[in-house]
**Student:** 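Supplied in structure tokens, the structure appears directly below.
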Amino acid sequence: MSFVMRKRDFLSIADFSSNELTELLNRARRLKVGEDHSQLTGKSLAMIFRKSSTRTRISFEVGMTQLGGHALFISDHDSQIGRGEPIHDTAKVLSRYVDGIMIRTFGHEEVEELSRHSSVPVINGLTDLLHPCQVVADLQTVAEEFGPNYPERTVAWIGDGNNMANSWLNAAYRLGFSVRLACPEGYDPDPSIFKRAGKMADILLTRDPFEAVQGADVVTTDVWASMGQEEEARERMGAFAGFSVDDALMEQAIPEAMFLHCLPAHRGEEVSSSVIDGTQSRIFNEAENRLHAQKAILLELLG
Ligand code: CP
Ligand code: NVA
């Protein structure tokens with residue numbers, strides 16, 4: 001009798017069940033404290049970057065090295081992808097060389113297409129729709145502060161209903177914590193992701209940042225113009241006026257609330273310097289946790 005092992009992808013937080021996500025977060029914690037010594041000896045990860053990156057590139061590359069494997073950086077500019085080689089051909093070619101593919105790109109459909117045509121696991125390193133790897137690191141950071149009892153927590157999202165907001169909603173869908181989003185009109189999260197999260201968790205969408213942060217444990221935001229939206233930056237500055245996370249806003253959250261930001265940040269725009277550099281900010285723990293979270297994801301998929 002023979003059977004085919006199905007490859008496992010990580011395109012969205014929702015690809016993992018609640019138990020799998022909990023196990024992934026446990027593994028990230030164990031990796032951080034040196035209790036998990038699993039290896040990916042001799043394995044290779046191709047990393048396709050069609051947008052810039054500091055944390056995602058470095059955490060995946062260092063993560064693979066620490067696990068005894070190897071990562072290859074592939075950009076648009078110096079590979080045939082930038083010259084228009086179809087993504088389905090790239091998927092099939094890379095699958096003959098490497099054990100996994102991580103991709104950061106614009107349209108989410110491109111990652112889905114890559115996944116359909118590759119025979120090795122595909123990891124979403126950010127699309128216009130989702131940024132799941134970042135939110136795994138964020139969830140790890142939340143547990144470090146408040147423990148792993150996610151359903152007891154309330155997360156306030158202030159600003160753009162972007163890839164980060166959508167991934168927080170997917171995390172709430174799986175882990176059952178409350179999300180209170182304050183987004184200006186026209187910048188809401190993806191409607192189907194929002195609706196699905198609302199079936200499993202307490203989700204609020206308001207136009208008032210002060211309403212969103214009332215009693216929140218976690219206050220988080222992101223840039224007003226994401227990668228690929230540079231031309232809208234001016235218009236967005238106007239639309240997001242009043243959506244900065246500053247001290248007055250933080251005071252509405254619980255006194256022990258933490259501030260998170262995936263980075264890079266624009267101080268003085270979506271967040272004041274006093275908040276991002278203040279005592280409630282956990283941004284560098286959050287950035288560090290990218291490494292542990294990435295290693296956990298790599299071990300689950302490539303191990
Ligand atoms: N937060 C994050 O994904 O950072 P990079 O864009 O630097 O990878
Ligand atoms: N929303 C941001 C996240 C960067 C890590 C972007 O997509 O540019």
Side-chain angles (χ1 to χ4, degrees), residues 10-13 28 45 47-64 71 73-76 102-111 123-142 155 157-171 179 181-184 186-190 193 218 220-233 235-237 239-240 243-245 259-267 269-271 276 281-298:
F10 188 62
L11 307 192
S12 160
I13 297 253
L45 177 76
M47 307 189 300
I48 303 172
F49 280 96
R50 310 198 70 182
K51 287 175 174 171
S52 306
S53 170
T54 298
R55 281 143 288 267
T56 304
R57 175 184 177 176
I58 297 172
S59 57
F60 270 107
E61 193 162 333
V62 171
M64 278 304 285
F73 176 77
I74 302 165
S75 83
D76 247 24
M102 191 238 79
I103 178 167
R104 165 170 288 197
T105 191
F106 295 86
H108 192 73
E109 349 38 90
E110 190 173 304
V111 178
I123 300 169
N124 177 3
L126 181 147
T127 61
D128 293 344
L129 185 71
L130 298 173
H131 194 4
C133 296
Q134 177 68 53
V135 171
V136 176
D138 294 9
L139 292 167
Q140 184 177 1
T141 315
V142 171
V155 175
W157 176 268
I158 310 299
D160 194 12
N162 63 10
N163 43 12
M164 281 296 300
N166 290 333
S167 292
W168 273 108
L169 286 168
N170 279 338
V179 182
L181 306 111
C183 309
Y187 298 96
D188 291 348
D190 179 84
I193 291 174
V218 179
T220 183
T221 186
D222 191 6
V223 290
W224 291 340
S226 285
M227 290 181 276
Q229 298 171 335
E230 289 77 7
E231 283 178 7
E232 294 172 33
E235 180 190 331
R236 283 171 169 263
M237 283 282 268
F240 286 89
F243 286 76
S244 293
V245 178
F259 173 76
L260 295 179
H261 191 309
C262 64
L263 303 178
H266 292 153
R267 285 168 171 76
E269 291 184 18
E270 76 274 7
V271 59
I276 197 166
S281 176
R282 296 291 177 271
I283 56 166
F284 297 117
N285 294 351
E286 183 185 6
E288 179 194 331
N289 286 339
R290 290 298 301 276
L291 175 63
H292 312 299
Q294 255 64 127
K295 286 165 73 177
I297 294 165
L298 287 165

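When a ligand or atom number is given, it counts from 1 through the structure's own listing order. All residue numbers refer to positions in the sequence shown, counting from 1.
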**Student:** Give the intermediate values and the outcome of side chain to side chain contact (heavy atoms under 4.5 Å, CB included) for residues Phe259 and Val218.
**Tutor:** CA-CA 6 Å; Phe259 173 76; Val218 179; over 6 Å; no

**Student:** Does Cys262 reach ligand 2 with a nitrogen or oxygen that is under 3.5 Å from one of the ligand's nitrogen or oxygen atoms?
**Tutor:**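 For ligand 2, there is no N or O atom that lies under 3.5 Å from one belonging to Cys262.
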
**Student:** Below a 4.0 angstrom heavy-atom separation, can you tell me which part of Thr56, side chain or backbone, both or neither, approaches ligand 2?
**Tutor:**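 For Thr56, no heavy atom sits under 4.0 Å from ligand 2.
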
**Student:** For ligand 1, find out whether one of its N or O atoms is nearer than 3.5 Å to an N or O atom of Ser53.
**Tutor:**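 Looking only at distances, the answer is yes, because the N/O contact criterion of under 3.5 Å is met.
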
**Student:** Tell me which protein heavy atom sits closest to atom 2 (C) of ligand 1, plus the residue, atom name and distance to 0.1 Å.
**Tutor:**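 Sorting protein heavy atoms by distance from atom 2 (C) of ligand 1 puts Arg290 NH1, 3.3 Å first.
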
**Student:** Please confirm whether Leu263 approaches ligand 1 to less than 4.0 Å, judged on its heavy atoms.
**Tutor:**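 Flag set, Leu263 near ligand 1.
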
**Student:** Is the closest basic N to carboxylate O distance between Arg282 and Glu286 below 4.0 Å?
**Tutor:**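 Salt bridge flag = no for Glu286 with Arg282.
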
**Student:** Does a sphere of radius 6.0 Å around CD in Glu230 hold more than 12 heavy atoms from other residues, nucleotides or ligands, not counting ones at 6.0 Å or beyond?
**Tutor:**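 It does: Glu230 CD has more than 12 such atoms within range.
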
**Student:** Compute the shortest N/O to N/O distance between Ser226 and ligand 2 and return yes if it is under 3.5 Å, no if not.
**Tutor:**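 Checking ligand 2 against Ser226, an N or O pair does fall under 3.5 Å apart.
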
**Student:** Of all the non-hydrogen atoms in the protein, which one sits nearest to atom 7 (O) of ligand 2, and at what distance?
**Tutor:**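 Ranked first by proximity to atom 7 (O) of ligand 2 is Asn163 ND2, 2.8 Å.
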
**Student:** Taking the six-membered ring for Trp, are Trp224 and Phe240 parallel (under 30°), tilted (30 to 60°) or perpendicular (over 60°)?
**Tutor:**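 Trp224 vs Phe240 ring planes: parallel.
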
**Student:** Select the closest option to atom 6 (O) of ligand 1 among Lys51, Met227, Arg104, Arg55, judged by heavy-atom distance.
**Tutor:**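 Looking at heavy atoms only, Arg104 sits closest to atom 6 (O) of ligand 1.
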
**Student:** Note the single closest protein heavy atom to atom 7 (O) of ligand 1, along with its residue, its atom name and the distance in Å.
**Tutor:**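 Scanning the protein heavy atoms, the shortest distance from atom 7 (O) of ligand 1 goes to Thr54 N, 2.7 Å.
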
**Student:** Drop me the distance from Gln134's CD to Trp168's CH2, to the nearest 0.5 angstrom.
**Tutor:**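 Gln134 CD to Trp168 CH2: 9.0 Å, rounded to 0.5 Å.
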
